[in-house]
Amino acid sequence: MRTMLMSRLLGERYRENPGEASLVSHRFLLRGGYVRQVANGIYSLLPPGRRVAMKIERILREEMDAMDGQEVLMPVVMPAELWKESGRFDTVGDELLRMKDRTGHDMLLGMTHEEASVQLTRGEAVSHVKYPFMIYQIQTKFRDEPRSRGGLIRVREFTMKDAYSFHASIEDLERHYGEMAVTYHRIFKRVGLPQVISVGSDTGMMGGKVAHEYMLLTEAGEDSLIICPDCGYKANLEVAVSARDCSEAEEETRADVHTPGMKDIASLASFLDVEESRLMKAAVFSVEGRVKPLVVFIRGDLQVNEAKLRQEVGAEVSPWADEVESGLNLGFVGALGLPEAAVDVLYDSSLEGERNLVGGANRPDTHTKGISVPRDLPGIQFSHVAKVKEGARCAECGGTLALRRGIEVGNIFQLGSRYTESMNMTFADTEGQRRNPVMGCYGIGVGRLVACLVEACHDDFGPIWPVSVAPWQVHICQLNQDVGVVGEIARSLYEKLGVRYEVLMDDRGTTAGIQFADADLLGVPVRVIVSKRNVEKGEVEIATRDKRVRKVVQIDQVEAEVAGILQELSARY
RNA sequence: CGGGGUGUAGCCCAGAUGGUAGGGCGCUUGCUUCGGGAGCAAGAGGUCGCACGUUCAACUCGUGUCACUCCGACCA
């Protein structure tokens, strides 16, 4: 509906903050009558929220269409067989909601649609003539998150724009991937979030090699990012790397020292009065599918990045549970004299070339000092599994790396032939040879974007919607509604403006304070205030939600003024 | 999955030692107000999350359970 009377609008505003909401976006979306929670991580949208979401969806459609995307719709409920084809039915964890239908068939709720997109197109795109192509949909996803939180930021059921491109060659995928990156930046600019940045990311369960995440930097975020302010290096902490900084320590003679009860790095370092970076830490992990513990040696001041370790060993890893018998002297595990048959070992590259380190002696209450990695552990292989620390040197330019928080609002992946091979999708190339196409996939979460917009654009009173996504463009308030002329003027403006714009009019006859407070919560960019005192002079007030504009104009100037202000506001993005 | 917190009207909350539920906001009606969440008056609205137990009597005590929430683990 183009115009709406507030007396009929479903979605009551709350004066007080609902108790369960802590994030700004969650609070305003509840208070403004945009969303209502149905269950943990599951929400319904009321008209204002639905309208914002539809505005975003329209922009997504336009941008996908502009890239020759073909809109499709794939199912939410899929048979397990489809996911067994790709192998993910068994590898993805409990976030995949599985169920049985009445005939006992294993079914699942789609959390992403790579399998469905291959299944859909493998019978259609059998000739090189069709390539490259991209399909996309705006569809519900369900992920049974172990812990949803933060209102619309992290939910279980959500709407997502997901696109899948198929190419005859890696080169063509890379070209398209690059174009998509440009499109993504334009999308975020158009919805009013030009500050979204892309960072290199882990590919996780999606598989593939290259991936980027689109992040809104905000303290409300739950992802950690490493950013170099000097050269612009940006990466998710999961994959971030920093320059190696090897100490200049001299080679020393090895000797055992008595260290009673010094089981952790902090107490050992203070007991021996050395820097934590002089210690050789042993982090013990269990690896899915392996009986033996995995011991990771790393410099004492660094942490193991489990995402990197997972990639390195190619399986799920988790910290070794203390109570499980490992045959190790936990707290005193060292690289020298380790029972090699009983454990797997991995060395982090932070140890490369280090001398005069203190490490466990594999005996209770004993450590060994003077360990020299080049001398005592010749020929070992190093892996990169350390978590980058804030303040570390940038590997690209040597600058000082900063740690920031961000919310992921979109991502793009180069999947390669991960799915087309396992699911046997082929096409005939120009030589008539059967080949597997390579794939990319590109997601943007609509609901999360709504929440991010509020996080990024609000004041103390409510959201300030960018024109492109605002639920309405014009909000008419009528003060002193019972004064005949006020109602008449408001009504005629409502009708006139309603021809060109989406207009919401407050016809409830309440006091000015209530009308203004509710208008602030609804965040409509342009407000037209019809009041007795102005109408008597043939004038009305026009103000913007961001409070930058506030002027009184002649009634016959309203349409022109509104048009001008909306144009000006739109031009910001 | 571990640890904490909370469930009382649409929203925010109060209900000492057990005695059958209350305030504010919102809602309805009337009158007065009317440029930043008005005033008076009269109303409507609750199986006190659920189950079992203790008791003459349970919102209150006990056990269990469910839900929501925060922190951690986990997570395209």
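Each chain gets a letter, A, B and so on, in the order its sequence line appears, and its residues count up from 1.
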Q. Now, which nucleotide makes the Watson-Crick or G-U wobble pair with B:A58, with each of the two distances under 3.5 Å?
A. none
Q) Can we say A:Lys547 and A:Asp520 salt-bridge, meaning some charged N sits less than 4.0 Å from an Asp/Glu carboxylate O? A) yes
**Q.** Pairing of A:Glu114 and A:Arg418 as salt bridge, 4.0 angstrom limit
**A.** no
Q: Pick the P atom in B:U54 and in B:C59, then give their distance to the nearest Å.
A: 16 Å
Q. Taking atom P of B:C68 as reference, at what distance in whole Å does atom NE2 of A:His26 sit?
A. 12 Å
Q: Hunt down the Watson-Crick or G-U wobble partner of B:A16, both distances under 3.5 Å, from any strand shown, or write none.
A: none
Q: Pick the P atom in B:G64 and in B:C13, then give their distance to the nearest Å.
A: 28 Å
Q: In whole angstrom, give me the gap between the P atoms of B:G53 and B:G23.
A: 34 Å
Q. Taking a pair as Watson-Crick or G-U wobble with both distances under 3.5 Å, which nucleotide is matched to B:G72?
A. B:C1
Q) Across the strands shown, which category fits A:Tyr442 at heavy-atom distances under 4.0 angstrom: base, sugar-phosphate, nothing? A) nothing
Q: Check A:Ala386 against A:Lys308 and note the closest heavy-atom contact, atom names and distance.
A: O-NZ, 2.8 Å
**Q.** Ion pair A:Glu57/A:Arg50, N-O distance below 4.0 Å
**A.** yes
Q: For B:A16, decide between syn and anti, treating a glycosidic angle within 90° of 0 as syn.
A: syn
Q: Between B:A14 and B:A9, how far apart are the C1' atoms? Round to whole Å, please.
A: 14 Å
Nucleotide N/O to protein N/O under 3.5 Å, stretch nucleotides 31-37 of chain B:
unit_1 : atom_1 : unit_2   : atom_2 : d
B:C34  : O2'    : A:Asn480 : ND2    : 2.6
B:C34  : N4     : A:Asp482 : OD2    : 2.8
B:G35  : O6     : A:Ser531 : OG     : 2.1
B:G35  : O6     : A:Asn534 : ND2    : 2.7
B:G35  : N1     : A:Arg533 : NH2    : 3.4
B:G35  : N1     : A:Glu541 : OE1    : 2.7
B:G35  : N2     : A:Glu541 : OE1    : 2.3
B:G35  : N2     : A:Glu541 : OE2    : 3.1
B:G35  : N2     : A:Arg550 : NH2    : 3.1
B:G36  : N1     : A:Asp520 : OD2    : 3.2
B:G36  : N2     : A:Asp520 : OD2    : 2.5
B:G37  : O2'    : A:Arg15  : NH1    : 2.3
B:G37  : O2'    : A:Arg15  : NH2    : 2.8
B:G37  : O6     : A:Arg31  : NH2    : 3.2
B:G37  : N2     : A:Asp518 : OD1    : 3.2

Q) For B:U6, what is the paired nucleotide under Watson-Crick or G-U wobble rules, both distances under 3.5 Å? A) B:A67
Q) Counting only Watson-Crick or G-U wobble pairs whose two distances fall under 3.5 Å, which nucleotide matches B:G36? A) none
**Q.** Closest non-hydrogen atom pair between A:Cys477 and A:Ala519, with its separation
**A.** SG-CB, 4.5 Å
Q. What interatomic distance, in whole Å, is found between C1' of B:A51 and the corresponding atom of B:C56?
A. 23 Å
Q) Given A:Phe142, which of A:Glu95, A:Met111, A:Arg156 fulfils the side chain to side chain contact (heavy atoms under 4.5 Å, CB included) condition? A) A:Arg156
**Q.** Salt bridge flag under 4.0 Å for residues A:Asp507 and A:Arg8
**A.** no
Q.
If I compare all heavy atoms of A:Met180 with all of A:Ile412, which pair ends up nearest, and what's the gap?
A. CG-CG2, 4.1 Å
Q: Find which nucleotide of RNA chain B each of A:Glu12 and A:Met160 is nearest to by heavy atoms, and output the residue with the more 5' nucleotide.
A: A:Glu12
Q. Rounding to the closest angstrom, what is the interatomic distance between B:C68 and B:U8 at atom P?
A. 14 Å
Q) If we take the C1' atom in both B:G37 and B:C25, what is their distance in whole Å? A) 10 Å
**Q.** Contact nearer the 5' end of RNA chain B, comparing A:Gln37 with A:Gly410
**A.** A:Gln37
Q: Establish, yes or no, whether the cationic atom of A:Arg122 lies under 6.0 Å from the six-membered ring centre of A:Phe166 and within 45° of the ring axis.
A: no
Q. With rounding to whole Å, what would you report as the distance between B:C66 and B:G26 at their C1' atoms?
A. 29 Å
Q) With a non-hydrogen cut-off below 4.0 angstrom, is A:Glu213 in contact with a base, only sugar-phosphate, or nothing? A) nothing
Q) Which of parallel (below 30°), tilted (30 to 60°) and perpendicular (above 60°) describes A:His176 and A:His167? A) tilted
For nucleotides 72-74 of chain B, tabulate all protein N/O to nucleotide N/O atom pairs closer than 3.5 Å, reporting atom names and distance.
unit_1 : atom_1 : unit_2   : atom_2 : d
B:G72  : N7     : A:Arg147 : NH1    : 3.2
B:C74  : OP1    : A:Glu306 : OE1    : 2.8

Q. If only side-chain N and O atoms of A:Asn40 are considered, is one of them under 4.0 Å from the OP1 or OP2 phosphate oxygen of B:A67?
A. no
Q) If you look at every heavy atom in A:Val535 and A:Val530, which pair is closest and at what distance? A) CG2-CG1, 3.4 Å
Q. Taking any strand in view, what nucleotide pairs with B:U28 in a Watson-Crick or G-U wobble way, both distances under 3.5 Å?
A. B:A42
